[in-house]
Amino acid sequence: MLDRIEEIRTEAAGAIETAPDTAELEELRVHYLGRKAELTTILRGIAGLPAEERGQVGAGANKARQELESLLEERAGALDASELESRLATDRIDVTLPGAPARPVGHTHLITRTTRLIEDTMVGLGYRVMEGPEVEHDYYNFTALNHPPGHPARMLQDTFYMQSDPEVLLRTHTSPVQVRSMEAQPPPIFMIAPGKVYRRDSDATHSPMFHQVEGLAIGEGITLADLQGTLDELLRAIFGGNREARMRPHFFPFTEPSVEFDVSCFQCEGTGELPGGERCNLCKGIGWIEVGGAGMVDPNVLGFVEAGGYDSERVQGFAFGMGVERIAMLRHGVPDLRRFFDNDVRILEQFS
Ligand code: PHE
């Protein structure tokens with residue numbers, strides 16, 4: 001009997017020492033020390049043994065039991081520690097990481113995207129982005145831009161004036177930012193000014209509120225050729241690789257000479273004809289599409305900011321302006337400008 005006890009003890013001790021995890025250790029405890037275990041049965045049967053064996057077997061079995069119990073405890077402690085260790089390693093949460101990024105439920109409006117495309121291109125050419133107020137003074141919107149009294153743009157039917165102050169209006173173009181930006185810094189200046197403008201106009205290609213981007217470059221020796229090169233570059237960025245800008249004579253009060261500029265048609269490659277010989281519907285067979293207005297800044301305009309260093313004998317330059325909606329309509333084939341502002345998500349989400 002004592003031999004059997006020793007056998008059980010050795011076998012159990014070996015198993016306990018090599019138990020791989022706490023679950024298996026618990027099984028070993030049940031197997032060797034549980035109610036139905038052999039050692040338990042021996043201990044329970046001691047009373048029935050002959051008197052001379054009782055003492056030895058009882059002492060041996062109890063000793064074996066105690067020894068196994070303490071081995072179990074020791075191994076449990078070791079396994080607990082290493083299991084905690086590996087849980088800490090695998091379940092580690094780095095609380096300094098940013099949370100799962102929120103998935104945007106929408107995207108920027110096509111007009112914003114188009115504005116940013118123009119901004120990015122001009123910033124790449126060394127221009128700064130500037131802003132001016134949408135509620136503007138007559139002085140910046142008209143007077144300092146050399147608009148004579150009686151110019152049609154000044155008329156009530158074209159412009160929104162404040163009832164409380166007839167000298168204050170919703171700006172009709174972004175050109176007032178030309179004067180404001182020259183007041184803010186001496187030459188040379190290379191800036192663009194995107195923003196909302198307002199006119200009393202409303203049809204498929206005109207909305208009472210729309211967006212423009214103004215451009216202004218003033219320095220020594222800036223010529224119309226620089227304007228041509230700048231427009232070529234900008235129109236290529238907007239409409240693709242082989243585009244060209246074309247200037248046509250025009251009139252604006254604040255530029256002299258003034259031009260309107262076109263881009264070579266990107267649908268018919270400027271030929272005015274589609275592959276089948278049909279007339280190009282985008283440029284109406286002309287090969288060019290009107291994009292905006294531009295010109296050399298009129299010395300009279302520089303005269304309003306002469307005190308800031310804009311001496312028209314020394315510095316000169318060009319300005320240009322274009323409608324953002326018009327560019328977005330052309331680039332994406334949108335037939336009606338009003339769709340941009342109906343806020344019908346089914347339409348807007350196509351341009352993501
Ligand atoms: N401000 C003019 C318009 O809105 C465009 C323009 C800008 C023309 C700059 C010349 C120079 O029509």
Side-chain angles (χ1 to χ4, degrees), residues 111 115 118-119 122 127 129-134 136-148 151-155 157-160 169-182 189-201 205-219 222-231 234-235 238 245-263 289-302 304-305 310 312 315-327 337:
I111 296 305
T115 305
I118 298 168
E119 286 176 12
M122 295 309 293
Y127 284 64
V129 179
M130 302 189 91
E131 276 178 17
E134 288 169 33
E136 188 51 285
H137 200 279
D138 170 275
Y139 174 78
Y140 290 104
N141 198 83
F142 294 129
T143 308
L145 289 171
N146 204 34
H147 277 75
H151 188 280
R154 296 188 90 124
M155 304 291 141
Q157 68 271 17
D158 288 319
T159 299
F160 295 105
L169 50 109
L170 296 181
R171 68 179 178 188
T172 60
H173 50 179
T174 43
S175 299
V177 190
Q178 288 185 28
V179 181
R180 286 184 174 274
S181 66
M182 287 191 280
I189 185 169
F190 294 87
M191 75 86 189
I192 58 161
K196 292 189 172 67
V197 302
Y198 303 83
R199 288 181 198 175
R200 294 185 65 169
D201 253 350
T205 53
H206 298 90
S207 131
M209 182 283 300
F210 62 105
H211 299 74
Q212 285 187 332
V213 177
E214 192 79 9
L216 177 70
I218 303 280
I222 294 180
T223 71
L224 206 60
D226 297 312
L227 172 61
Q228 173 79 48
T230 305
L231 294 177
L234 178 57
L235 294 178
I238 297 172
R246 174 178 83 168
M247 297 196 239
R248 285 178 286 107
H250 196 71
F251 174 79
F252 295 103
F254 42 96
T255 45
E256 181 60 34
S258 298
V259 301
E260 273 188 333
F261 61 95
D262 305 332
V263 61
I289 301 168
E290 185 188 326
V291 176
M296 299 306 286
V297 174
D298 194 302
N300 288 347
V301 173
L302 297 181
F304 284 95
V305 286
Y310 291 86
S312 62
V315 292
Q316 51 283 129
F318 59 78
F320 63 87
M322 53 203 200
V324 179
E325 282 77 5
R326 180 163 171 75
I327 286 172
L337 163 152

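Counting starts at 1 for both ligands and their atoms, following the listed order.
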Next on the checklist: Looking only at side-chain N and O atoms, does Gln212 offer a donor or acceptor that is under 3.5 Å from a partner on His173?
Outcome noted: no
Next on the checklist: Closer than 4.0 Å to some heavy atom of Gly321 - which atoms of ligand 1 meet that?
Outcome noted: 6 (C), 7 (C), 9 (C)
Checklist entry - Counting only heavy atoms, which portion of Ala294 has something under 4.0 Å from ligand 1: side chain, backbone, both, or neither? => result backbone
Item to check | Near-ring test Phe160/Tyr198, centroid separation under 6.0 angstrom | outcome: no
Checklist entry - Purely on distance, is any nitrogen or oxygen of Glu214 under 3.5 Å from one on ligand 1? => result no
Next on the checklist: Check this for me: does any side-chain nitrogen of one of Glu260 and Arg246 sit under 4.0 Å from a carboxylate oxygen of the other?
Outcome noted: no
Checklist entry - Are any of the N/O atoms in Thr172 less than 3.5 Å from those in ligand 1? => result no
Checklist entry - Between Phe254 and ligand 1, which part of the residue brings a heavy atom under 4.0 Å of the ligand: side chain, backbone, both or neither? => result side chain
Checklist outcome for this item: among protein heavy atoms, the one nearest atom 3 (C) of ligand 1 is Arg199 NH2, 3.7 Å
Checklist entry - Would Thr172 and Asp158 count as having a side-chain donor-acceptor pair, cut-off 3.5 Å? => result no
Checklist entry - For ligand 1, is there an atom lying under 4.0 Å from some heavy atom of Met322? => result no
Item to check | Option nearest atom 8 (C) of ligand 1 (shortest heavy-atom distance, choices Gly293, Pro176, Gly295) | outcome: Gly293
Checklist entry - Is there side-chain contact between Val301 and Met182, with heavy atoms separated by less than 4.5 Å? => result yes
Checklist entry - Should Arg171 and Val177 be marked as a side-chain contact (heavy atoms from CB on, under 4.5 Å) after you check the CA-CA gap, both sets of side-chain angles, and the distance that decides it? => result CA-CA 10 Å; Arg171 68 179 178 188; Val177 190; 3.7 Å; yes
Next on the checklist: Between ligand 1 and His173, is the shortest N or O to N or O distance under 3.5 Å?
Outcome noted: yes
Next on the checklist: With heavy-atom distances below 4.0 Å as the criterion, list the atoms of ligand 1 near Gln178.
Outcome noted: 9 (C)
Checklist entry - For the residue pair His147 and His151, does the interplanar ring angle fall in the parallel (under 30°), tilted (30 to 60°) or perpendicular (over 60°) class? => result perpendicular
Checklist entry - When you look at Arg199 and Phe210, which way does the side-chain contact (heavy atoms from CB on, under 4.5 Å) test go after all the steps? => result CA-CA 8 Å; Arg199 288 181 198 175; Phe210 62 105; 3.8 Å; yes
Checklist entry - Counting heavy atoms only, which part of His250 comes closer than 4.0 Å to ligand 1: side chain, backbone, both or neither? => result neither
Checklist entry - Which is closest to atom 12 (O) of ligand 1 in terms of heavy atoms, Phe210, Phe318, Phe252? => result Phe252
Checklist entry - So, Asp201 versus Ser207: side-chain donor-acceptor pair below 3.5 Å or not? => result no
Checklist entry - With atoms numbered from 1 as shown, which atoms in ligand 1 lie under 4.0 angstrom from a non-hydrogen atom of Gln212? => result 3 (C), 4 (O)
